[in-house]
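A quick write-up on the structure given underneath.
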Amino acid sequence: MHVPLFRKQSGEPMPPLFQALCGNDAYGDLTVWGPVRAGDEGRAPGRWAGVSVGHSDGDAPLVMVAVTSDRPIVELEGAP
């Protein structure tokens with residue numbers, strides 16, 4: 001989540017998923033699995049799942065965030 005944080009600070013655009021994570025101070029490492037199939041594998045599209053644990057500053061409690069998406073969750077390009 002380093003690249004999304006720097007993009008947010010500089011006002012650069014980013015995908016809605018990363019906007020939502022940044023908007024909730026979810027800056028921990030995002031671990032992603034996908035595509036994950038559920039139900040009837042012949043018909044159901046794959047979903048992507050991600051989990052992050054972190055806090056916005058040293059005194060804040062740890063927060064776990066889980067996300068799901070019907071589109072691939074890929075790391076944003078850029079220098080951290």
Candidate pair I73 and L30, rule side chain to side chain contact (heavy atoms under 4.5 Å, CB included), full reasoning: CA-CA 10 Å; I73 301 173; L30 183 63; 4.2 Å; yes
Donor-acceptor contact present, side-chain Y27 to main-chain G54, <3.5 Å: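 No.
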S52 side-chain N/O to G28 backbone N/O, donor-acceptor pair under 3.5 Å: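 Yes, S52 side chain to G28 backbone: donor-acceptor pair under 3.5 Å.
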Working for side chain to side chain contact (heavy atoms under 4.5 Å, CB included), residues W48 and T68: CA-CA 5 Å; W48 291 74; T68 59; over 6 Å; no
For residues 9-21, dump all side-chain donor-acceptor pairs below 3.5 Å to protein atoms at least two apart in sequence or in another chain.
unit_1: S10; atom_1: OG; unit_2: F6; atom_2: O; d: 3.2
unit_1: S10; atom_1: OG; unit_2: R7; atom_2: O; d: 3.3
unit_1: S10; atom_1: OG; unit_2: E12; atom_2: OE2; d: 3.1
unit_1: Q19; atom_1: NE2; unit_2: M14; atom_2: O; d: 2.9

Heavy atoms of other groups near D29 CG, more than 12 under 6.0 Å: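 Counting other residues, nucleotides and ligands, CG of D29 stays at 12 neighbours or fewer.
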Spatial distance of atom CE (M1) from atom CG (L76) [nearest 0.5 Å]: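 One gets 8.0 Å once the value is rounded to the nearest 0.5 Å.
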Hydrophobic cluster identity match, L5 and L62, side-chain contacts under 4.5 Å: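 No: no chain of side-chain contacts under 4.5 Å links L5 to L62.
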